[in-house]
Amino acid sequence: MIANTENLRILSPVNGIVDLTEERSHFQIKQDGAWTTTSPFLRRVSNYETFLEDCKKGALASLDFKDLPLDKYFSSFQKTDSFEIFLAPYSRYNNLPFLSIIAKEMAEALLEFSQMLAEIFPNARIHNFLNTSGLSFTHPDGIPEYFISKHSKKDIKQITSDIESRKLMYLGPETIFHILRMVYYLEPFTRRHLYVCLVDRKGRIDTESRYFFLNNGQSLDFIIQNFDKRYKVASFESMYESVSPHDIHSLGNFNIYQHNILVLYERLPVIRNAFPCIDCFECNTYCPTDASPYSVIKGNADDFIKSRCIECGICTLHCPSGIDIRTKIVGAKLA
Ligand code: SF4
Ligand code: SF4
């Protein structure tokens, strides 16, 4: 269940959309029951206003930027302004093949959506990478600032500023998937894919693709029955982020706004005291934006180019001394 109210979301295993009444004294449920994934395609003519209304009704959120309702995102771009729209082929960690899913199940809807965007934002320049052949994903290609910078050949700092000042709009394939579901199949954002990844006791990742399409608020207890009892620890963060471990028996409920990956560990990598930096320079070598994380470790934070750091976590993953570079660079960025 999703509440269309400011800063309030209700998690429930029951599907539906709930709004405050006009007097803001009661909640009213507009729809209830289960949505199937087999609703028929509806060719609908939208304009700017009806599209914003669909985003609001469907409780759509950007799945590329955190905590960003799509009705607010689209309405922050004025329909008469000139800006650039990037339709990108990758979600943040690209765990699931949303482009293939869209191509297989929603090709007609995607075509309609691309045409609708051009009509409701007539002055926008659309860069459509959804059908571009020859691209192959490597992290951090799914981080919006990085993707746009790479394909527009502009500096990350400029791109970050243009994203914030709404000169650039970014829509990744998971966000587009849910827009299409709402606008052309009338299925609100009440379900999301959860990708499950297994890591054995030696830290080896099982790369078989496993995912579930789950209701918001659904209990995650079924995970315990579906996976080998060896996997006792779970985390909703990817390998590139700081891991907050959970006992697999206390996963709680699925939150579509926060969860899209679940890593199950046989045992968590040993959290050891970091060894001293051995000046191997791997962090700088692997940094995709040349931000110089090594400077932070060496106490020369002024040489760290914080405007270029996209917090991709690659430097931390490659450090042979196990130094938590991520935490140090976040601190340096705040300083
Ligand atoms: S400094 Fe580290 S987190 Fe920042 S962009 Fe470079 S590799 Fe990524
Ligand atoms: S990767 Fe780790 S050990 Fe190597 S230079 Fe960077 S901080 Fe030092």
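Both backbone and side-chain heavy atoms feed into the values below; hydrogens, waters and symmetry mates do not. Read the numbers this way: they start at 1 and go in the same order the structure lists the ligands and their atoms.
The pair Lys232-Glu266 fails the salt-bridge criterion, with no side-chain N (NZ, NE, NH1 or NH2) lying under 4.0 Å from an Asp/Glu carboxylate O. A salt bridge links Glu311 with Lys333; the closest basic N to acidic carboxylate O contact falls under 4.0 Å. The residues Glu174 and Arg92 are annotated as not salt-bridged, no charged nitrogen and carboxylate oxygen being separated by less than 4.0 angstrom. Ionic pairing of Lys57 and Asp71 is not present here: no N-O contact between side-chain nitrogen and carboxylate oxygen is shorter than 4.0 angstrom.
Among the atoms of Cys312, no N, O or S atom is found under 2.8 Å from atom 4 (Fe) of ligand 1.
Near atom 2 (Fe) of ligand 2, less than 2.8 Å away, sit the protein N, O or S atoms Cys319 SG.
For atom 4 (Fe) of ligand 1, the closest non-hydrogen atom of the protein is Cys309 SG, 2.4 Å. Atom 5 (S) of ligand 2 has its closest protein heavy atom at Phe281 N, 3.2 Å. Residue, atom and distance of the protein heavy atom nearest to atom 6 (Fe) of ligand 1 are Cys287 SG, 2.4 Å.
A donor-acceptor contact under 3.5 angstrom links the side chains of Asp64 and Thr175, judged on distance only. In the model, Tyr294 has a side-chain atom that pairs as donor or acceptor with a side-chain atom of Asp279 under 3.5 Å. With hydrogens and angles left out, the side-chain atoms of Glu241 and Ser238 include a donor and acceptor closer than 3.5 Å.
Of all atoms in ligand 1, numbered sequentially from 1 with element shown, those under 4.0 Å from a heavy atom of Pro288 are 7 (S). Interface of Thr289 with ligand 1, defined as ligand atoms under 4.0 Å from a residue heavy atom, comprises 5 (S). Taking every heavy atom of Glu311 and a limit of under 4.0 angstrom, the matching atoms of ligand 1 come to 3 (S), 4 (Fe).
Nearest approach of Ser46 to Ile120, heavy atoms of both residues: O-CG2, 4.3 Å.
Under 4.0 angstrom from ligand 1, there are no non-hydrogen atoms of Thr316.
Qualifying side chain to side chain contact (heavy atoms under 4.5 Å, CB included) partners for Leu130, counting only residues two or more places apart in sequence or in other chains: Leu87, Leu99, Leu110, Asn128, Ile176.
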